[in-house]
Amino acid sequence: MTKKRALDIVITGLAAVIWVPVLTLAALAVLVLSGRPVLYRSMRRVSNDDVLRIVKFRTMVKNAEALVNRSTVPIQNDVRFLNIAPDSPLYTRIGRLLERCGITEIPQLVHVLRGEMSIVGNRPLPENVVSALRDEYPTASDRFLTKSGLTGPAQLVGRSALTDLERLTLEGAYCRACVRRYSIWLDVSILFATVMIVIGIKKAYTYQGVLDLIDRRSRSSRRTLVTVVAEADEVIATEAV
């Protein structure tokens, strides 16, 4: 079991006393105030190898997917991520509240428990959004080097506050830091900051602030990598002599 997977299991288990009641109350609220279906399911890419039917609370009107998707909405201002404004009339009243409180994705903890997603990682995306991004940005696939999560580096800034390139840069930097050498403290920092921002104790990060956070939490990993390369070069040079 990897450290990242172990962290997912530990946090999900310890936080069950919080997320299980919240999940139950939110489901009842959607059912009573918005009707069925309570959950929204759609196919999303969660890694470079996997596309899954992801579940979350339904926060929009029932035909929202037919009205707004990457195939029907033209790309404007060079934004390929399908970012729907918080004040969009597509949101139901309870849905807008769930979005504001960061509760929408809580049902995806079932994917975390199954090992299909992680608590911290870049958000899953529809295939047509992924295709649009890959057409413009050759490195877009880097955001899928690790499994998708409930929250990630982009959420610390706010998806609407980032350009496509900025968001992909943050997401790629996070994944590459995890691939080089995973740091539990990087995930813990992102998760803690997300909670603090949602409840209003902490202000959202800037784009550069998130890059700095990733850099600080992965710096020891980079030093280790540099040391290994230097030692290898030294051995090769010695043997050559």
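Computed from heavy atoms alone, side chains included, the values below leave out hydrogens, waters and symmetry copies.
The two residues S189 and L213 make their nearest non-hydrogen contact at CB-CD1, 4.0 Å. The heavy-atom pair separating L23 from P107 by the smallest distance is CD1-CG, 3.8 Å.
Counting only distance, with no hydrogens or angles, the side chain of H111 and the backbone of L150 share no donor-acceptor pair below 3.5 Å. Distance alone, capped at 3.5 Å, is enough to place a donor-acceptor pair between the N48 side chain and the S141 backbone. Between the side chain of N63 and the backbone N or O of A66, no donor-acceptor pair lies under 3.5 Å. Listed for the R41 side chain is no donor-acceptor partner under 3.5 Å among the backbone atoms of R53. R70 places a side-chain N or O within donor-acceptor distance of the main-chain N or O of V73, the cut-off being under 3.5 Å. Panel note: side chain N69, backbone S71; a donor-acceptor pair is recorded below 3.5 Å. A donor-acceptor pair under 3.5 Å is formed between the side chain of K147 and the backbone N or O of G115. Of the possible polar contacts, one joining the R45 side chain to the S47 backbone as a donor-acceptor pair under 3.5 Å is found.
For the salt bridge (charged side-chain N to carboxylate O under 4.0 Å, His left out) condition, the pairs that include at least one residue of residues 79-105, sequence neighbours left out, are D78-R80, R80-E136, E105-R123.
Using a 3.5 Å distance cut-off with no hydrogens or angles, the side chains of D212 and Y205 do not pair a donor with an acceptor.
With sequence neighbours left out, the side chain to side chain donor-acceptor pair (under 3.5 Å) criterion links S42 to R44.
Taking CD1 of I54 as the reference point, atom CE of M43 lies at 8.5 Å (rounded to 0.5 Å). Considering CG of L82 and CD1 of I75, their distance stands at 10.0 Å, rounded to 0.5 Å.
No option in T2, T151, D8 other than D8 meets the side-chain hydrogen bond (donor to acceptor under 3.5 Å, both in side chains) test with S118.
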